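Note sheet for the following structure.
Model, not experiment: these values are computed from the prediction. Counting from 1, the numbers follow the sequence of the chain as shown.
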Amino acid sequence: MGRRKLVAGNWKMNGMKSHLAEIEAIGRIAAERPVVEVGICVPATLIMAAAERKGGAFIGAQDCHMNASGAHTGCLSADMLAEAGAEYIIVGHSERREAQGESDADVAAKALAAKAAGLKVILCVGESLDVRDAGNAEAVVCDQLLASLPQGAAADWLAIAYEPIWAIGTGRIPTMEAVASMHAALRAALASRIGAHEADAMRILYGGSMSGDNAAELMAIPDVDGGLVGGASLTAAKFGPVIAAAG
């Protein structure tokens, strides 16, 4: 089945107004390659300004609260982020699971909150180096996926991002065979929950140190439908080759 490639940048805690020119440049590149869905998930402080300069890209957020409102100092609801101009949201990133102690149930609840606000969702799963070295990576990550998967999961609003945690920001990546095996296992796990047809339509992104140097090889793997890109998405010069590889 033909799945449109999705390439999303995750700027993490990077980006000031002085970086909006990079948003504009990435938006121009995205407009030249409409066959690829391109976006940038920026800090909440930049969403509104970035949405005005996005060009052919979408603007996303990096997290949301699972409640629509309430006494949650310092938190942002999905409705607030959508009103600011976000179209997508990342939930369950390993840095939030680890540093903020988010559970699978929290991730599923955030995904549902985002859907209710009209946002599309990139749901992250992945394993530590200890799990990988123990030979349990596929079982652990597939269990995490099924425990994090929200009710009503469907390809029209949800994508999955596999991030080998030990590869994020390190320049290390699993072998291409290991990536292919993990993505195939994740698709099989999805099929067990939502059916083969819906699972075949859902995009599964790779999210561990993707760059212009390895993006073409990674995205040639049959079950790799794009990338969740960290450091290589911070400038148009580095992100452009990743987008081109997807196209």
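- For the pair Ile160 and Arg203, the minimum side-chain heavy-atom distance is 4.5 Å or more.
- In this structure, Lys5 NZ and Arg33 CZ are separated by 13.5 Å, a value rounded to the nearest 0.5 Å.
- In this structure a side-chain-to-backbone donor-acceptor pair under 3.5 Å is present from Arg193 to Leu146.
- Contact detail for Ala161 and Leu228: the closest heavy-atom pair is CB-CD2, 4.0 Å.
- The shortest distance between side-chain heavy atoms of Glu87 and Lys120 does not fall below 4.5 Å.
- Atom CE of Met66 is separated from atom CG of Asp106 by 4.0 Å, given to the nearest 0.5 angstrom.
- Ser209 contributes a side-chain N or O that, together with a main-chain N or O of Ala167, makes up a donor-acceptor pair within less than 3.5 Å.
- One hydrophobic cluster holds both Leu145 and Val107 under the rule that ILVMFWY side chains link at heavy-atom gaps under 4.5 Å.
- The heavy-atom pair separating Ala78 from Ala114 by the smallest distance is CB-CA, 3.7 Å.
- Between Gln62 and His93, the side chains place no donor N or O within less than 3.5 Å of an acceptor N or O (distance only, hydrogens not considered).
- With a 4.5 Å cut-off on side-chain heavy atoms, Val141 and Met182 count as touching.
- Leu218 is connected to Val229 through a chain of hydrophobic side-chain contacts under 4.5 Å among Ile, Leu, Val, Met, Phe, Trp and Tyr, so both are in one cluster.
- No side-chain heavy atom of Asn67 sits under 4.5 Å from any side-chain heavy atom of Cys75.
- A salt bridge does not link Asp225 to Arg4: none of the charged nitrogens lies less than 4.0 Å from a carboxylate oxygen.
- In this structure, Val36 is a member of the same hydrophobic cluster as Ile59, with clusters built from ILVMFWY side-chain heavy atoms closer than 4.5 Å.
- For the residue pair Ser148 and Asp104, the shortest heavy atom distance occurs at OG-OD1, 3.1 Å.
- Using cut-offs of 30° and 60° for the angle between ring planes, the His183 and Tyr162 rings count as perpendicular.
- Ile90 and Leu158 are not part of a single hydrophobic cluster, where members link through side-chain heavy atoms under 4.5 Å apart.
- When the shell of 6.0 Å around CD of Gln151 is examined, it contains 12 or fewer heavy atoms from other residues, nucleotides or ligands.
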Given side chain to side chain contact (heavy atoms under 4.5 Å, CB included), test Leu81 with Ile47 step by step and report yes or no. CA-CA 8 Å; Leu81 296 164; Ile47 290 173; 3.7 Å; yes
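- Annotation: side chain of Met16 is in contact with side chain of His19 (closest heavy-atom distance under 4.5 Å).
- Crowding of Met48 atom CE: a count of heavy atoms from other residues, nucleotides or ligands under 6.0 Å not exceeding 12.
- A donor-acceptor distance shorter than 3.5 angstrom exists from the side chain of Asn14 to the backbone of Trp11, with no hydrogens or angles considered.
- Glu37 places no side-chain N or O within donor-acceptor distance of the main-chain N or O of Val7, the cut-off being under 3.5 Å.
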Side chain to side chain contact (heavy atoms under 4.5 Å, CB included) evaluation trace for Leu190 with Leu149: CA-CA 9 Å; Leu190 286 170; Leu149 203 64; 4.0 Å; yes
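- We find the CD-SG distance between Gln144 and Cys124 to be 9.5 Å, quoted to the nearest 0.5 Å.
- Taking every heavy atom of both residues into account, Ala117 and Ala82 meet most closely at O-CB, 3.9 Å.
- Within a 6.0 Å radius of NZ in Lys115, other residues, nucleotides and ligands contribute 12 heavy atoms or fewer.
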The test is side chain to side chain contact (heavy atoms under 4.5 Å, CB included); show your working for Glu24 and Glu52 and say whether it passes. CA-CA 9 Å; Glu24 292 180 340; Glu52 295 174 350; over 6 Å; no
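- Glu198 contributes no side-chain N or O that, together with a main-chain N or O of Ala154, makes up a donor-acceptor pair within less than 3.5 Å.
- Taking every heavy atom of both residues into account, Asp79 and Ala68 meet most closely at OD2-CB, 4.2 Å.
- Through direct or indirect side-chain contacts shorter than 4.5 Å among Ile, Leu, Val, Met, Phe, Trp and Tyr, Leu112 is connected to no other residue.
- Side-chain atoms of Lys110 come within 3.5 Å of backbone atoms of Cys64 as a donor-acceptor pair (strictly under, hydrogens ignored).
- Contact check for Glu138 versus Ser181: side-chain heavy atoms found under the 4.5 Å cut-off.
- At least one donor-acceptor pair under 3.5 Å links the side chain of Arg97 to the backbone N or O of Gly92.
- Met202 places a side-chain heavy atom less than 4.5 Å from the side chain of Ile194.
- Atom CD1 of Ile122 and atom CG of Leu119 lie 11.0 Å apart (nearest 0.5 Å).
- Side chain of Tyr206 to main chain of Gly208: a donor-acceptor pair is present (N/O by atom type, distance under 3.5 Å, no hydrogens or angles).
- Trp157 contributes a side-chain N or O that, together with a main-chain N or O of Gly152, makes up a donor-acceptor pair within less than 3.5 Å.
- Considering every non-hydrogen atom in both Ile26 and Ser233, the closest pair reads CD1-O, 3.6 Å.
- A side-chain donor-acceptor contact under 3.5 Å links Glu127 and Trp166.
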Worked check of side chain to side chain contact (heavy atoms under 4.5 Å, CB included) between Leu6 and Leu205: CA-CA 7 Å; Leu6 168 60; Leu205 315 181; 3.9 Å; yes
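- Hydrophobic cluster membership is shared by Ile40 and Val38, with clusters built from Ile, Leu, Val, Met, Phe, Trp and Tyr side chains linked at under 4.5 angstrom.
- Other members of the cluster containing Val140 are Val131, with ILVMFWY side chains joined at under 4.5 Å, either directly or via other members.
- Between atom CD1 of residue Ile221 and atom CD1 of residue Ile204 there is a gap of 12.0 Å, rounded to the nearest 0.5 Å.
- Judged by distance alone, the side chain of Arg3 and the main-chain N or O of Val224 form no donor-acceptor pair under 3.5 Å.
- Interatomic distance, CD of Glu83 versus CG of Leu76, reported as 11.5 Å (0.5 Å rounding).
- Val42 has its side chain within reach of Ile23: a pair of non-hydrogen atoms, C-beta onward, lies under 4.5 Å apart.
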